[in-house]
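Read the structure below first, then the notes.
No hydrogens, no waters, no symmetry mates; every other heavy atom, side chains included, goes into these values. All of these numbers come straight from a predicted model, not from anything done at the bench.
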Protein chains: 2
Amino acid sequence: MAAHLAALDSTASHRPGYVPAPIAMRGAAKVIALTGTRAPEADPFETMAETQAVGRDQMLFSEGDAARHVYRVVSGTVRLCKLLPDGRRQIIGFLQHGDMMGLSLAQNYLYSAEAVTSAVLQRIPRSRFEALMDEQPALARRLLSLTATELVAAQDQMVLLGRKTAVERVATFLLRLAARTIGGGRRVQLPMSRADIADHLGLTTETVSRAFTKLKTSGMIRLLDGHLVELTDREGLAAAAECA
Amino acid sequence: MAAHLAALDSTASHRPGYVPAPIAMRGAAKVIALTGTRAPEADPFETMAETQAVGRDQMLFSEGDAARHVYRVVSGTVRLCKLLPDGRRQIIGFLQHGDMMGLSLAQNYLYSAEAVTSAVLQRIPRSRFEALMDEQPALARRLLSLTATELVAAQDQMVLLGRKTAVERVATFLLRLAARTIGGGRRVQLPMSRADIADHLGLTTETVSRAFTKLKTSGMIRLLDGHLVELTDREGLAAAAECA
DNA sequence: CGGGTCCTTGACCCCCCTCAAGGTCTGTGG
DNA sequence: CCACAGACCTTGAGGGGGGTCAAGGACCCG
């Protein structure tokens with residue numbers, strides 16, 4: 001999954017095999033303890049973040065809004081969307097525990113952010129965040145690392161959108177989700193709708209649904225219910241995905 | 001154009017209206033003077049870069065190679081490619097004067113780099129580059145800024161690949177090229193082949209060619225020759241591009 | 001002037017989109 | 001616990017945009 005800005009956790013969350021901490025404190029208006037501590041400078045979200053809870057489909061900010069905050073997702077799933085004037089939508093990425101957004105340097109947000117499920121986020125005013133980067137040189141380097149990782153994910157998504165077939169796209173998507181799931185993820189939760197998946201993969205809901213059916217029929221996945229998939233043939237899926 | 005990592009010039013080259021310096025010293029094995037000087041720390045490419053000249057279609061490095069250098073394009077055009085196992089190709093971006101590549105933090109390059117035209121580049125060993133970032137905190141912040149700009153371009157490209165029609169893609173591509181051209185660019189050079197454009201826009205050469213013909217027929221462009229286009233109706237093009 | 005590469009155009013086909021209908025799941029209220 | 005409404009998902013039938021295959025034209029360079 002093309003998480004927008006990968007985790008700022010001290011643990012290198014973009015490393016393959018990363019296991020997010022179990023979701024706790026749903027809705028709690030309190031600072032979240034991070035796994036692992038880092039010697040010199042503290043995680044800014046640990047010390048100075050506000051917590052914000054949002055309901056399903058609620059909008060956090062809209063494309064074009066003044067970019068006031070930098071966010072990090074604590075729990076739940078968030079989608080980042082860009083719209084064409086006539087309403088066509090592209091979902092840039094889905095964010096989960098630990099992912100960040102709003103880090104672009106533009107004055108305004110360049111995409112909208114909406115809650116896919118009810119979610120909890122932390123946020124820091126951008127002005128304060130930028131001041132922090134002046135004080136803590138290591139912070140800029142850590143963000144550079146995260147942003148570079150995001151860029152790599154974006155490039156993979158370009159290959160997917162530019163050159164892969166519908167089944168390949170869906171297979172790739174499932175494998176990406178699995179890679180972000182606890183234990184490597186034989187079972188994968190799909191918190192988002194088929195329409196969201198379609199707008200992420202450059203397809204329509206119908207085509208996504210048909211691709212799921214094909215993968216099911218060929219024995220690579222089982223649909224436990226509409227939003228929980230079991231990957232029964234990981235190698236077959238990887239072959240169907242033509243690599244990640 | 002989705003330049004991979006925008007300029008490290010002291011002049012903020014990702015600002016709209018940026019005018020690259022005229023190409024000079026083609027093939028010269030000497031350090032290139034930069035426009036503008038910056039007070040505290042020097043541009044690393046100014047002081048410690050090797051210069052490398054490559055011929056048309058020559059490969060600079062290949063996907064998977066050990067990432068030894070960070071590059072900056074001095075003159076010419078470079079394409080960054082990703083390949084699927086069966087040979088399908090996606091061009092991540094075209095690089096021109098001032099653009100950087102090789103900054104990802106991975107141990108290996110994640111795409112190939114090839115000269116579209118004969119080109120001149122500067123390069124710095126990654127190890128030295130990273131040491132520099134430790135010494136000069138401002139460098140990391142500048143790179144963060146450049147990488148974030150790249151990420152924005154990548155997101156625009158996702159919208160293009162996921163949701164735009166063939167004509168919209170080509171119109172968008174022409175406007176992006178024009179935005180990077182001297183004087184805003186009523187006339188735009190296309191150094192790359194139709195096949196390159198196709199692999200950048202997620203199309204085939206034939207479809208790209210037909211899209212050019214449609215834009216020509218509807219009076220928005222004139223093909224002065226296969227590789228030089230005049231944008232005769234900028235607003236019409238922008239409408240045909242559906243923004244971006 | 002000749003050969004090769006690249007570009008354009010045409011004819012045809014297929015994958016995915018569109019439109020439509022029916023099925024499934026979920027949450028809510030009785 | 002069940003009934004029901006609504007949203008979501010799946011499946012089918014048909015159509016279209018762009019891919020594929022093929023041929024001819026333009027350009028480049030020796």
(request) Spell out, as yes or no, whether a donor-acceptor pair under 3.5 Å connects the side chain of B:K164 to the backbone of B:V159. (result) no
(request) For DNA chain C, note the earliest and the latest nucleotide, 5' to 3', having some atom under 4.0 Å of a heavy atom belonging to chain B. (result)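 Taking any atom under 4.0 Å from a heavy atom of chain B, the span is C:dC7 to C:dA11.
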Going by side chain to side chain contact (heavy atoms under 4.5 Å, CB included), name the residues that satisfy it together with [X], two or more places apart in sequence or in a different chain.
| X | result |
| --- | --- |
| B:V54 | B:Q52, B:Q58, B:L60, B:A115, B:A119, B:L121 |
| B:A238 | B:L175 |
| B:S193 | B:A195, B:D196 |

(message) Output one letter per nucleotide in nucleotides 12-30 of chain D: B when a protein non-hydrogen atom lies under 4.0 Å from the base, S when only the sugar-phosphate is that close, - when neither is.
(response) BB----SSBB---------
(request) Would you please name every residue forming a side-chain hydrogen bond (donor to acceptor under 3.5 Å, both in side chains) with A:R234, sequence neighbours left out? (result) none
(message) Holding to side-chain hydrogen bond (donor to acceptor under 3.5 Å, both in side chains), I want the full list of residues that pass it with A:T205, two or more places apart in sequence or in another chain.
(response)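 Partners of A:T205 under the side-chain hydrogen bond (donor to acceptor under 3.5 Å, both in side chains) test: none.
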For residues 61-70 of chain B, dump all side-chain donor-acceptor pairs below 3.5 Å to protein atoms at least two apart in sequence or in another chain.
unit_1: B:E63; atom_1: OE1; unit_2: B:L83; atom_2: N; d: 3.4
unit_1: B:D65; atom_1: OD2; unit_2: B:S62; atom_2: N; d: 2.9

(message) Going by salt bridge (Lys or Arg N to Asp or Glu O under 4.0 Å), name the pairs with one or both residues in residues 201-212 of chain B, residues two or more places apart or in two chains.
(response)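 Residue pairs with at least one partner in residues 201-212 of chain B: there are none.
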(message) Show me the pairs that pass salt bridge (Lys or Arg N to Asp or Glu O under 4.0 Å) and involve residues 211-226 of chain A, at least two apart or across chains.
(response)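 Listed once each, the pairs are A:R222-A:E230.
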Within the 4.0 Å heavy-atom criterion, would you say [X] contacts the bases, only the backbone, or no part of the nucleic acid?
| X | result |
| --- | --- |
| A:S193 | sugar-phosphate |
| A:L223 | sugar-phosphate |
| B:T205 | nothing |

(request) Using atom CG of A:D196 as one end and atom C1' of D:dC9 as the other, report the distance to the nearest whole Å. (result)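 A:D196 atom CG is separated from D:dC9 atom C1' by 13 Å.
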(request) Sequence neighbours left out, what passes salt bridge (Lys or Arg N to Asp or Glu O under 4.0 Å) with A:D57? Give chain and number order. (result) A:R79
(request) Give the angle between the helix axes at the two ends of the helix from C:dC1-D:dG30 to C:dG30-D:dC1, taking five base pairs at each end and rounding to 10°. (result) 40°
